[in-house]
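For reference, the structure discussed in these notes is given below.
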Amino acid sequence: MNTTIQDITIYRASDPAAPMVWLLVYDGEGLEVHERLQELGAQDHTLIAVGGVDYDNGLSPWPAPAAFRGQEDFAGGADSYLELLTERFLPKVKEELMADSGVRPAYDVLAGYSMGGLFALYAMMKTTVFSRFVSASGSLWYPGFLETLAETELPAKPDSVYLSLGGKEAKTHNPVMAQVETRTRAVHDLIAQRGIPVILEMNPGNHFREPDLRTAKGIKWILEH
């Protein structure tokens, strides 16, 4: 049975002990990713689609200039949103799901696309709540992110990390975003050097091609590794 709590939609696993996948979404994307996961034959899991977040401001790790002329600068609200997610949303959802069975999920995954993918890896540096991370076409071009990851000791060693990118994402006239493939590959190498199982999967197309499928592919992989 699927239920909704505020901006959170829950697609329940058949087994209450199955892992929980926390997915940061735009409106309606949770259903699309859920359907792609069923089509791909992903392992049993509970998908929690978390909406209602301001992607540019709520998921950006620290203030930074706008990526495009005419847009507002990034506010850097990720710490506040991570606190909301881990201390309010997560306990509330788990309380509801465990009300009948009393069984805890095997582990928790944090997944996101674009700025959501950036936030997932930022959370990896800040909390031990999640043990696996999916950054699908993550905004890893974000100023200072690669450098901060290189200098940060992780609070816990993740079980695994999935990264993906579109092959044409770096083909842009925006000088900041043009670094996305170079920086994503560097993030992969940094994670691998710490002995963490990690993969970087390249996909056809630009940033906007099949985000639901790319995200589902990442979640499927992370559930298997």
Side-chain angles (χ1 to χ4, degrees), residues 2-13 16-27 29-30 33-34 45-63 74-99 101-136 138-140 142 144-145 148-149 151-163 187 191 194 196 198 215 218-219 222-223:
N2 305 327
T3 58
T4 301
I5 303 174
Q6 288 183 323
D7 294 314
I8 298 176
T9 302
I10 305 168
Y11 303 92
R12 296 179 185 242
M20 284 186 173
V21 179
W22 298 81
L23 174 64
L24 304 170
V25 298
Y26 290 106
D27 292 341
E29 286 185 333
V33 173
H34 171 67
H45 64 281
T46 292
L47 180 68
I48 303 103
V50 186
V53 60
D54 181 340
Y55 257 53
D56 287 347
N57 294 320
L59 301 184
S60 50
W62 42 77
F74 294 99
D79 285 329
S80 296
Y81 188 73
L82 183 60
E83 181 179 358
L84 178 67
L85 179 64
T86 58
E87 297 188 15
R88 180 180 172 189
F89 291 164
L90 189 144
K92 185 174 182 179
V93 169
K94 287 196 172 184
E95 180 182 5
E96 175 178 301
L97 294 181
M98 293 174 59
S101 66
V103 178
R104 301 190 69 83
Y107 55 86
D108 292 276
V109 177
L110 182 59
Y113 193 90
S114 192
M115 287 296 291
L118 173 72
F119 178 83
L121 296 192
Y122 180 68
M124 181 180 72
M125 294 190 282
K126 304 289 286 188
T127 181
T128 61
V129 169
F130 309 99
S131 59
R132 304 185 187 192
F133 301 87
V134 174
S135 177
S139 301
L140 306 187
Y142 197 83
F145 183 79
T148 300
L149 177 61
E151 297 169 356
T152 300
E153 181 177 351
L154 302 183
K157 182 179 179 180
D159 294 338
S160 53
V161 177
Y162 175 93
L163 309 173
V187 166
I191 294 171
R194 299 183 185 192
I196 300 165
V198 58
T215 304
I219 293 171
I222 213 77
L223 292 170

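Both backbone and side-chain heavy atoms feed into the values below; hydrogens, waters and symmetry mates do not.
Between His34 and Thr9 there is no side-chain heavy-atom pair separated by less than 4.5 Å. Contact of the Val53 side chain with the Phe119 side chain is not registered, since no non-hydrogen atoms from C-beta on lie closer than 4.5 Å. A heavy-atom distance below 4.5 Å is not found between the side chains of Tyr113 and Val33. Counting only heavy atoms from C-beta outward, the side chains of Ile219 and Val109 never approach each other to under 4.5 Å.
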* **Stepwise side chain to side chain contact (heavy atoms under 4.5 Å, CB included) check, Ile48 with Leu90** => CA-CA 9 Å; Ile48 303 103; Leu90 189 144; over 6 Å; no

* Asked: After noting the C-alpha distance and the side-chain angles of Val187 and Leu149, does the key distance pass the side chain to side chain contact (heavy atoms under 4.5 Å, CB included) rule?
  -> CA-CA 8 Å; Val187 166; Leu149 177 61; 3.8 Å; yes

* To do: Check the pair Arg194 / Val161 against side chain to side chain contact (heavy atoms under 4.5 Å, CB included), numbers first and verdict last.
  => CA-CA 12 Å; Arg194 299 183 185 192; Val161 177; over 6 Å; no

* Would you check, one step at a time, whether the test side chain to side chain contact (heavy atoms under 4.5 Å, CB included) holds for Leu154 with Met125? => CA-CA 5 Å; Leu154 302 183; Met125 294 190 282; 3.8 Å; yes

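In this structure, OG in Ser114 is found 10.0 Å from CG in Leu140, a value given to the nearest 0.5 Å. A distance of 5.5 Å separates CG of Leu23 from CG of Leu47, quoted to the nearest 0.5 Å. Note that CG of Leu24 is 6.0 Å distant from CG of Leu59, once rounded to the nearest 0.5 Å. To the nearest 0.5 angstrom, Arg132 atom CZ is 4.5 Å from Ser160 atom OG. Here the CE atom belonging to Met115 is positioned 11.5 Å from the OH atom belonging to Tyr122, to the nearest 0.5 angstrom. For the atom pair Ile8 CD1 and Glu96 CD, the distance stands at 9.5 Å (nearest 0.5 Å).
A donor-acceptor pair under 3.5 Å is absent between the side-chain atoms of Ser135 and the main chain of Leu163, judged by distance alone. Although no hydrogens or angles enter the test, the distance criterion places no donor-acceptor pair under 3.5 Å between the side chain of Thr127 and the main chain of Ala123.
For the residue pair Tyr81 / Asn57, no side-chain donor-acceptor distance below 3.5 Å is found, with atom types taken as modelled.
In this structure, Tyr142 has its ring center closer than 6.0 angstrom to the ring center of Phe74.
Here Tyr162 pairs with Glu201 under the side-chain hydrogen bond (donor to acceptor under 3.5 Å, both in side chains) rule; sequence neighbours left out.
Residue Ala78 comes nearest to Pro61 through the heavy atom pair CB-CA, 3.7 Å, listed as atom of the first residue, atom of the second, then distance. Between Leu223 and Pro19, the shortest heavy-atom distance links the atoms CD2-CG, 3.7 Å.
Taking the six-membered ring for Trp and thresholds of 30 and 60 degrees, Phe133 and Phe130 have ring planes more than 60 degrees apart, a perpendicular arrangement.
Screening Ile222, Leu110, Asp159 for a side-chain contact (heavy atoms from CB on, under 4.5 Å) with Ser131, the sole residue that qualifies is Asp159.
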